[in-house]
Amino acid sequence: MPLVTSTELFKKAYDGNYAIGAFNVNNMEIIQGITEAAKELRSPLILQVSAGARKYAKHVYLVKLVEAALEDTDLPIVLHLDHGDSFEICKSCIDGGFTSVMIDGSHHNFKDNVALTKKVVEYAHAHGVVVEGELGRLEGIEDDVKVSAEDASYTDPAEVQEFVESTGVDSLAIAIGTSHGAYKFKPGQKPQLRFDILKDVSKRLPGFPIVLHGASSVIPEFVRMINQFGGNMPDAIGIPEDMLREAAKLSVCKINIDSDLRLALTATIRKYFAENPSHFDPRHYLSPAREAIKNMVAHKIKAVLGSENRI
Ligand code: G3H
Ligand code: 13P
Ligand code: ZN
């Protein structure tokens, strides 16, 4: 099966009260772990690539690895640019085989965000590619850029209709209290999401797919493992799974997960070396890491996304 866009996947997800997992990919083992889980559970998938991932692995390697996964699994897969911050990077991914791009104009004012997003939409749609825009700003770290709590801002529901209508975007990322990275809430703080904002946005955009970034749960088992096997992570708190499941039943059709992949991989490799200090064959420590990713993604598909058996 060739790569697909998210149009049909989101329509079904919206109507079926579930969400599609958008997992960040950086290398072969991560792609294999994610796609093997989705294949076994017959779940559609979004594989997303950040600017940092393209820099690390090179665009062509990631595209070819995803093409290999398509051949191996026959799944409906979307290849998506995560957090494109300029027209040029979006164009490069559109020209280079992606079926979906995000233009993240959330660091601009409303007017400039609209203008940039509209420009990307025009180019993308002319090439059969769909576009995710963003309104509101998430706290946290992406690609070494740190957005502080003061600079973060919730999405203003009063702006969403005008943004979607004047840009023509196909989906919209909103800020309701999720954030990037492993430290989403302060120790002792009770995780909370602004479901009132989500519901208000959905009312203003009936049937329109909403995206949640920063949606890792920062699975405590992996944080514990990292600290048990030589790491030193301070208290890390993520988004509770039941809140994400709730959002997936509403208008949220895409849930972004990267930190949980990183934690699964790192925790497993740390454990492996603690137990096998003299080993040095990468296949030996990457095999259990890939398996841990597969199990973690299978868990997300079943318990968080609700996307099992949706093909
Ligand atoms: O939201 C950002 C993703 O976790 C990607 O992170 O920019 O370090 O690849 P990255
Ligand atoms: P996490 O850091 O919560 O995994 O978020 C990932 C993300 O939003 C990628 O765009
Ligand atoms: Zn993100």
Side-chain angles (χ1 to χ4, degrees), residues 6 19-27 30-31 33-34 45-59 61-62 78-86 89-90 93 98 100-107 131-147 151-153 155 171-185 191 193 209-220 222-223 226 233 236-241 243-244 247-248 252-267 293 296-297 299-301 304-305:
S6 47
I20 315 289
F23 297 96
N24 285 73
V25 298
N26 290 279
N27 67 15
I30 295 174
I31 292 173
I34 298 164
L45 262 188
I46 298 170
L47 297 179
Q48 56 186 12
V49 169
S50 68
R54 283 176 101 221
K55 201 160 126 195
Y56 170 75
K58 288 194 183 171
H59 179 98
Y61 282 85
L62 293 170
V78 178
L79 179 55
H80 174 77
L81 168 67
D82 190 27
H83 292 285
D85 65 352
S86 66
I89 188 171
C90 292
C93 289
F98 283 38
S100 174
V101 294
M102 173 189 194
I103 176 67
D104 181 353
S106 61
H107 46 289
V131 180
E132 172 186 328
E134 177 163 339
L135 257 187
R137 195 143 197 228
L138 268 67
E139 192 184 338
I141 301 177
E142 331 146 10
D143 230 352
D144 302 330
V145 178
K146 183 162 170 40
V147 181
D151 290 336
S153 57
T155 302
S171 62
L172 182 68
I174 62 168
I176 59 166
T178 61
S179 61
H180 291 110
Y183 306 102
K184 299 184 191 299
F185 299 98
L193 294 185
I210 299 301
V211 178
L212 275 194
H213 281 249
S216 279
S217 294
V218 190
I219 300 173
F222 294 130
V223 177
I226 286 173
M233 283 185 71
I237 307 169
I239 314 296
E241 290 185 343
M243 288 187 192
L244 295 168
V252 171
C253 295
K254 173 173 181 273
I255 290 188
N256 283 15
I257 296 167
D258 187 5
S259 296
D260 280 335
L261 295 165
R262 297 177 180 194
L263 290 166
L265 188 100
T266 303
I293 285 179
M296 191 277 286
V297 170
H299 169 75
K300 297 275 181 195
I301 288 172
V304 174
L305 302 161

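Both counts, for ligands and for their atoms, begin at 1 and track the order of listing. Atom set for the values below is all heavy atoms of this structure, side chains included, hydrogens, waters and symmetry mates excluded.
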Contact table ligand 2 N or O to protein N or O, d under 3.5 Å:
residue: ligand 2; atom: 2 (O); partner: Gly181; partner atom: N; Å: 2.9
residue: ligand 2; atom: 2 (O); partner: Ser259; partner atom: OG; Å: 2.7
residue: ligand 2; atom: 3 (O); partner: Lys184; partner atom: NZ; Å: 2.5
residue: ligand 2; atom: 3 (O); partner: Ala215; partner atom: N; Å: 3.2
residue: ligand 2; atom: 3 (O); partner: Ser216; partner atom: N; Å: 3.0
residue: ligand 2; atom: 4 (O); partner: Ser216; partner atom: OG; Å: 2.6
residue: ligand 2; atom: 4 (O); partner: Asp258; partner atom: N; Å: 2.6
residue: ligand 2; atom: 4 (O); partner: Ser259; partner atom: N; Å: 2.7
residue: ligand 2; atom: 5 (O); partner: Gly214; partner atom: N; Å: 3.3
residue: ligand 2; atom: 8 (O); partner: His180; partner atom: NE2; Å: 3.1
residue: ligand 2; atom: 8 (O); partner: His213; partner atom: ND1; Å: 3.4
residue: ligand 2; atom: 8 (O); partner: Gly214; partner atom: N; Å: 2.7
residue: ligand 2; atom: 10 (O); partner: Asp82; partner atom: OD1; Å: 2.9
residue: ligand 2; atom: 10 (O); partner: Asp82; partner atom: OD2; Å: 2.7
residue: ligand 2; atom: 10 (O); partner: His83; partner atom: NE2; Å: 3.2
residue: ligand 2; atom: 10 (O); partner: His213; partner atom: ND1; Å: 3.1
residue: ligand 2; atom: 10 (O); partner: Asn256; partner atom: ND2; Å: 3.1

Inset, instruction - Decide side-chain contact (heavy atoms from CB on, under 4.5 Å) for Tyr183 and Met233; before the verdict, give the C-alpha distance in whole Å, the side-chain angles of both, and the deciding distance to 0.1 Å. - result: CA-CA 10 Å; Tyr183 306 102; Met233 283 185 71; 3.5 Å; yes
Inset, instruction - Take Ile89 and Arg54 through the side-chain contact (heavy atoms from CB on, under 4.5 Å) test and state the conclusion after the steps. - result: CA-CA 10 Å; Ile89 188 171; Arg54 283 176 101 221; 3.5 Å; yes
Please find the pair of heavy atoms, one from [X] and one from [Y], that lie closest to each other, and give the distance.
{"X": "Ala236", "Y": "Val223", "result": "CB-CG2, 4.2 Å"}
{"X": "Ile237", "Y": "Pro191", "result": "CG2-CG, 3.9 Å"}
{"X": "Thr178", "Y": "His213", "result": "OG1-O, 2.7 Å"}
{"X": "Lys254", "Y": "Ala19", "result": "N-CB, 4.3 Å"}
{"X": "Val101", "Y": "Cys93", "result": "CG1-CB, 4.1 Å"}

Legend entry - side chain to side chain contact (heavy atoms under 4.5 Å, CB included) partner of Phe23, the single match among Leu45, Ile46, Ile30: Leu45
Inset, instruction - Can you spot which of Cys90, Ser100, Ser50 makes a side chain to side chain contact (heavy atoms under 4.5 Å, CB included) with Leu81? - result: Cys90
Of the backbone atoms (N, CA, C, O) and the side-chain heavy atoms from C-beta on, which set of [X] has a member under 4.0 Å from an atom of ligand 1: side chain, backbone, both, or neither?
{"X": "Asn256", "value": "neither"}
{"X": "Asn26", "value": "neither"}
{"X": "His83", "value": "side chain"}

Report, in ascending order of atom number, the atoms of ligand 1 lying under 4.0 Å from any heavy atom of [X].
{"X": "Asp82", "answer": "1 (O), 2 (C), 3 (C)"}
{"X": "Asp258", "answer": "3 (C), 4 (O), 5 (C), 6 (O)"}
{"X": "Ser50", "answer": "5 (C), 7 (O), 9 (O), 10 (P)"}
{"X": "Asn24", "answer": "3 (C), 5 (C)"}

Inset, instruction - Would you give the angle at the Zn ion (ligand 3) between His83 atom NE2 and His180 atom NE2, to the nearest 10°? - result: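 Between NE2 of His83 and NE2 of His180, at the Zn ion (ligand 3), the angle is about 100°.
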Inset, instruction - Determine, using heavy atoms of Arg262 and all atoms of ligand 1, whether some pair is separated by less than 4.0 Å. - result: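 Arg262: in contact with ligand 1 (<4.0 Å).
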Inset, instruction - Kindly give the atom name of the N, O or S atom of His213 closest to the Zn ion (ligand 3). - result: ND1
Inset, instruction - Fit a plane to each ring of Phe98 and His59, take the angle between them on a 0 to 90° scale, and name the class: parallel (under 30°), tilted (30 to 60°) or perpendicular (over 60°). - result: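 Rings of Phe98 and His59: parallel, under 30°.
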Inset, instruction - Calculate, to the nearest 0.5 Å, the distance between atoms CD1 and CD1 belonging to Ile174 and Ile210 respectively. - result: 5.0 Å
